[in-house]
Amino acid sequence: MHRKGATAAGKGVRGIVPGSMGTCSFHTVGRGCEASVCSSSHGAGRALSRSQARGKITIRALRQQLRGVWYDARLERTLLEEAPAAYKDVENVMRAQAELTQIVRRLSPILVHKGT
């Protein structure tokens, strides 16, 4: 079976739930919840479409959201569609799926690399 938008979370199965460019990602261990087909979310999912993000998120807001994260400032216009504000809150997602997966490690971003 394939569950779109999911990562394996069988009992003891290690996984990664990525955040956005400016939010934490998580190393996880699955809890084996059969009701979720032994899977969990593989990220927060978009709150804004790419075109909405380009129209609503400013360069100034992107800079604020990526404070403390290194990135190539020449690519700011390109990065708008991937800004942290374009995504749902991954911390809320992880709390909501606590029955599906256990957080083992929280990883904070330090560098963004986006090919052009």
Side-chain angles (χ1 to χ4, degrees):
M1 173 183 276
H2 172 76
R3 181 175 165 233
K4 185 174 176 9
T7 192
K11 184 145 182 81
V13 174
R14 296 180 186 273
I16 298 175
V17 178
S20 71
M21 297 188 293
T23 62
C24 290
S25 294
F26 302 89
H27 284 172
T28 61
V29 173
R31 297 186 186 271
C33 178
E34 303 258 339
S36 73
V37 194
C38 293
S39 63
S40 73
S41 169
H42 71 70
R46 297 192 72 90
L48 301 173
S49 70
R50 292 179 187 283
S51 60
Q52 287 174 323
R54 286 190 300 268
K56 291 183 178 183
I57 300 171
T58 64
I59 297 288
R60 183 177 180 184
L62 176 74
R63 289 175 182 158
Q64 180 70 26
Q65 293 166 33
L66 293 180
R67 182 169 282 149
V69 178
W70 293 1
Y71 67 95
D72 186 342
R74 298 172 298 178
L75 299 177
E76 285 176 328
R77 289 249 170 252
T78 304
L79 295 175
L80 288 175
E81 65 188 37
E82 296 293 334
Y87 290 86
K88 298 172 190 165
D89 184 339
V90 73
E91 299 281 350
N92 288 340
V93 170
M94 296 308 291
R95 278 191 294 277
Q97 66 181 12
E99 292 179 11
L100 310 179
T101 188
Q102 174 187 359
I103 296 171
V104 174
R105 187 173 297 110
R106 183 180 309 264
L107 307 164
S108 298
I110 57 172
L111 173 80
V112 170
H113 173 74
K114 181 165 176 103
T116 55

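Values reported hereafter were calculated over all heavy atoms of this structure, with side chains retained and with hydrogens, waters and symmetry mates removed.
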*Pairs meeting criterion salt bridge (charged side-chain N to carboxylate O under 4.0 Å, His left out) with involvement of residues 13-41, two or more places apart*: none
Heavy-atom pair with the smallest gap, counting every atom of [X] and [Y]:
X: Ala47; Y: Ala85; result: CB-O, 4.4 Å
X: Val93; Y: Ser41; result: CG1-OG, 3.8 Å
X: Asp89; Y: Ala44; result: C-CB, 4.2 Å
X: Ile16; Y: Thr7; result: O-OG1, 4.3 Å
X: Ser40; Y: Gln97; result: CB-OE1, 3.5 Å

How long is the span from the [atom1] atom in [X] to the [atom2] atom in [Y], to the nearest 0.5 Å?
X: Leu79; Y: Arg63; atom1: CG; atom2: CZ; answer: 11.5 Å
X: Met94; Y: Gln102; atom1: CE; atom2: CD; answer: 10.0 Å
X: Thr23; Y: Leu107; atom1: OG1; atom2: CG; answer: 11.0 Å
X: Glu81; Y: Arg50; atom1: CD; atom2: CZ; answer: 5.0 Å
X: Glu82; Y: Ile57; atom1: CD; atom2: CD1; answer: 10.0 Å

*asked:* Using side-chain heavy atoms (C-beta onward) and a distance below 4.5 Å, is Cys24 in contact with Glu91?
replied: yes
*Is it the case that more than 12 heavy atoms not belonging to Gln52 sit under 6.0 Å from its CD atom?*
yes
*More than 12 foreign heavy atoms under 6.0 Å from CG of Leu111: is that the case here?*
yes
Should [X] and [Y] be regarded as members of a common hydrophobic cluster, given that ILVMFWY residues are connected when their side-chain heavy atoms come within less than 4.5 Å of each other, either directly or indirectly?
X: Ile103; Y: Val90; answer: yes
X: Val69; Y: Leu62; answer: yes
X: Leu80; Y: Leu48; answer: yes

*Set of residues satisfying salt bridge (charged side-chain N to carboxylate O under 4.0 Å, His left out) with respect to Asp72, sequence neighbours excluded*: Arg74
*Under 6.0 Å from the six-membered ring centre of Tyr87 and within 45° of its axis: does the NZ or CZ of Arg46 meet both?*
yes
*Taking Thr28 for its side chain and Gly15 for its backbone only, find out whether a donor-acceptor pair lies under 3.5 Å.*
yes
*For the side chain of Gln65 and the backbone of Ala83, is there at least one donor-acceptor N/O pair under 3.5 Å apart?*
no
*Sole candidate of Lys114, Glu76, His113 that passes side-chain contact (heavy atoms from CB on, under 4.5 Å) when paired with Tyr71*: Glu76
*Only one of Pro18, Ser20, Ser108 forms a side-chain contact (heavy atoms from CB on, under 4.5 Å) with Ser25, so which one is it?*
Pro18
